[in-house]
Amino acid sequence: MSAHGDPIPMTARKSGPLKGRAEVPGDKSISHRSLILGAMAVGETKVTGLLEGQDVLDTAKAMRAFGAEVIQHGPGDWSVHGVGVGGFAEPSNVIDCGNSGTGVRLIMGAMATTPITATFTGDASLNKRPMGRVTDPLALFGAKAYGRQGGRLPMTIVGAADPVPVRYTVPMPSAQVKSAVLLAGLNAPGQTVVIEKEPTRDHSERMLRGFGAALTVEATEEGHVITLTGQPELKPQTVAVPRDPSSAAFPVCAALIVEGSDILVPGVSQNPTRNGLYTTLVEMGADIEFQNPREEGGEPVADLRVKASSLKGIEVPPERAASMIDEYPVLSVVAACAEGTTVMRGVKELRVKESDRIDAMARGLEACGVRIEEDEDTLIVHGMGLGGVPGGATCKSHLDHRIAMSFLVLGLATQKPVSVDDGSPIATSFPVFEGLMTGLGATVERSDK
Ligand SMILES: O=C(O)C1=C[C@@H](OP(=O)(O)O)[C@@H](O)[C@H](O)C1
Ligand SMILES: C=C(OP(=O)(O)O)C(=O)O
């Protein structure tokens with residue numbers, strides 16, 4: 001949600017057992033990519049289960065501005081009539097990507113090798129985030145970027161008229177940077193090669209192949225070497241978006257820390273590049289059954305049966321960070337309710353998300369009575385056991401949906417209520433969060449009610 005709306009203060013209180021079925025919305029990463037790749041294909045792509053969060057709606061609007069026809073037929077049911085690789089029109093106005101790093105970085109990549117100019121902006125959170133990580137490799141294709149100091153939005157990208165293919169090693173673990181380079185490579189002649197030292201979510205690779213691009217991935221000593229052959233004709237697809245494991249994390253973690261809970265979260269993606277949180281929770285002693293594993297829409301999915309559990313702190317392996325990068329805020333809440341210490345290292349990327357997530361969680365948890373240690377790349381939470389966290393604070397969400405939802409999950413299991421100053425950003429990724437959680441029996445409400 002952008003900073004234009006009024007803040008929505010919210011409060012969560014100690015709740016009775018959570019019970020029932022939690023149908024979380026579609027995956028945000030796959031939803032953005034369905035719209036962008038649909039817009040770059042020739043013909044009509046159909047999407048079901050699209051996440052209708054503000055981040056994705058902003059990408060839909062952007063794709064219309066670049067000339068694609070994007071239509072909503074019903075809830076989650078969308079079609080995109082694409083203009084083909086290299087077919088983007090020049091937008092007649094500024095592209096506002098709201099709160100979405102994924103939206104703006106992928107779209108910059110997708111337009112950077114077409115001879116058009118576009119200006120991008122976002123909300124107060126997005127306009128603080130670094131864009132140089134994307135514009136540096138896009139410059140190698142021949143695109144030019146004119147932004148604010150430090151490579152911040154608003155920023156104008158002048159697409160390359162004669163793009164050249166690139167070979168680029170991504171310097172930080174980032175699926176957004178990898179994807180921006182691959183999308184730019186689509187309209188460059190020859191082969192674009194992206195090397196990632198640490199594997200990150202692979203939705204772009206899977207979906208580019210699904211849309212008919214020639215793409216190979218080789219595991220080498222350097223890391224994953226991804227080779228894309230440019231200027232394909234992308235074929236429209238039917239995309240069934242699986243449910244988002246990053247959204248599922250909230251009801252799952254809530255059920256683990258609210259005594260007596262027993263919930264089912266069906267059809268959640270278990271893509272190995274996304275399921276690090278679930279591995280971690282099981283190591284902490286979580287009672288999670290992965291029922292009915294199957295393939296849906298080209299992704300492995302399972303139904304998660306989750307029961308309240310007494311958990312122990314662990315050391316999360318740093319090499320797991322990329323597969324659970326968005327889940328550290330809610331993991332730190334679970335860690336506060338575990339016995340013993342949870343050590344999260346190799347997490348400095350959290351400092352450049354919608355907020356500095358290490359700082360936001362550390363300050364809010366401390367205000368709730370939890371002892372924290374942190375450094376640039378580390379967050380350590382000293383657990384107080386199930387029911388042991390005092391709570392009783394109002395935490396700042398810093399325009400960050402995951403911070404807001406994490407503190408509201410915490411408040412379900414603390415002695416005194418936990419409030420957040422602004423729950424409005426939740427609508428960016430999980431617009432049905434409040435109804436879904438109250439449907440399970442959680443006491444989460446807007447504080448002004
Ligand atoms: O590619 C994607 O869809 C995403 C990649 C991750 O960001 P980074 O690439 O910046 O790590 C993640 O945090 C974000 O929510 C979604
Ligand atoms: C980091 C996130 O998103 P984005 O980078 O797209 O804003 C997120 O959803 O947690």
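Ligands are counted one by one from 1 in listed order, and the atoms in each one are counted from 1 as well. Sequence positions, counted from 1, serve as the residue numbers for this chain.
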Chemist: Against heavy atoms of R201, which atoms of ligand 1 measure under 4.0 Å?
Modeler: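 Once the distances to R201 are compared, the set is 1 (O), 2 (C), 3 (O), 4 (C), 5 (C), 12 (C), 16 (C).
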Chemist: So, 4.0 Å and heavy atoms of K28: is ligand 1 close enough to count as a contact?
Modeler: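 Yes; K28 lies near enough to ligand 1 that a heavy-atom distance drops under 4.0 Å.
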Chemist: Is the closest N or O pair between R33 and ligand 1 shorter than 3.5 Å?
Modeler: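 Indeed, backbone or side chain, R33 has an N or O that close.
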Chemist: At a heavy-atom distance under 4.0 Å, which protein residues reach ligand 2? Sort them by chain and number, would you?
Modeler: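 Heavy-atom contacts below 4.0 Å: K28, N99, S100, G101, T102, R129, Q176, D326, K353, E354, R357, H401, R402.
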Chemist: Identify, by atom number and element, the atoms of ligand 1 in contact range of T102, meaning under 4.0 Å from any of its heavy atoms.
Modeler: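 This gives 2 (C), 3 (O), 4 (C), 14 (C), 16 (C) as the contact atoms.
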Chemist: Using a strict cut-off of 4.0 Å, indicate which atoms of ligand 1 neighbour a heavy atom of D326.
Modeler: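 Numbered from 1, ligand 1 contributes 12 (C), 13 (O), 14 (C), 15 (O).
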Chemist: Taking heavy atoms and a distance under 4.0 Å, where does K178 meet ligand 1: side chain, backbone, both or neither?
Modeler: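 Within the 4.0 Å criterion, K178 makes no contact with ligand 1.
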Chemist: Identify, by atom number and element, the atoms of ligand 1 in contact range of I325, meaning under 4.0 Å from any of its heavy atoms.
Modeler: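 Checking each atom against I325, I get 13 (O).
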Chemist: When you measure from the side chain of S447 to the backbone N and O of M10, does any donor-acceptor pair fall under 3.5 Å?
Modeler: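 Judged by distance alone, yes, a pair lies under 3.5 Å.
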Chemist: Donor-acceptor pair, distance only, cut-off 3.5 Å: does the side chain of R345 make one with the backbone of T378?
Modeler: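 Answer holds: no.
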Chemist: Are E196 and T200 linked by a side-chain donor-acceptor pair shorter than 3.5 Å?
Modeler: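 There is such a pair (donor and acceptor under 3.5 Å, judged by atom type) between the side chains of E196 and T200.
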Chemist: Whether the side chain of R33 engages the backbone of S29 through a donor-acceptor N/O pair (distance < 3.5 Å, no angle test) should be reported.
Modeler: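 Yes, because the side chain of R33 sits within donor-acceptor range (under 3.5 Å) of the backbone of S29.
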Chemist: Tell me whether D422 contacts the main-chain N or O of P9 through its side chain, where contact means a donor paired with an acceptor under 3.5 Å.
Modeler: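 No, because the side chain of D422 does not come within donor-acceptor range (under 3.5 Å) of the backbone of P9.
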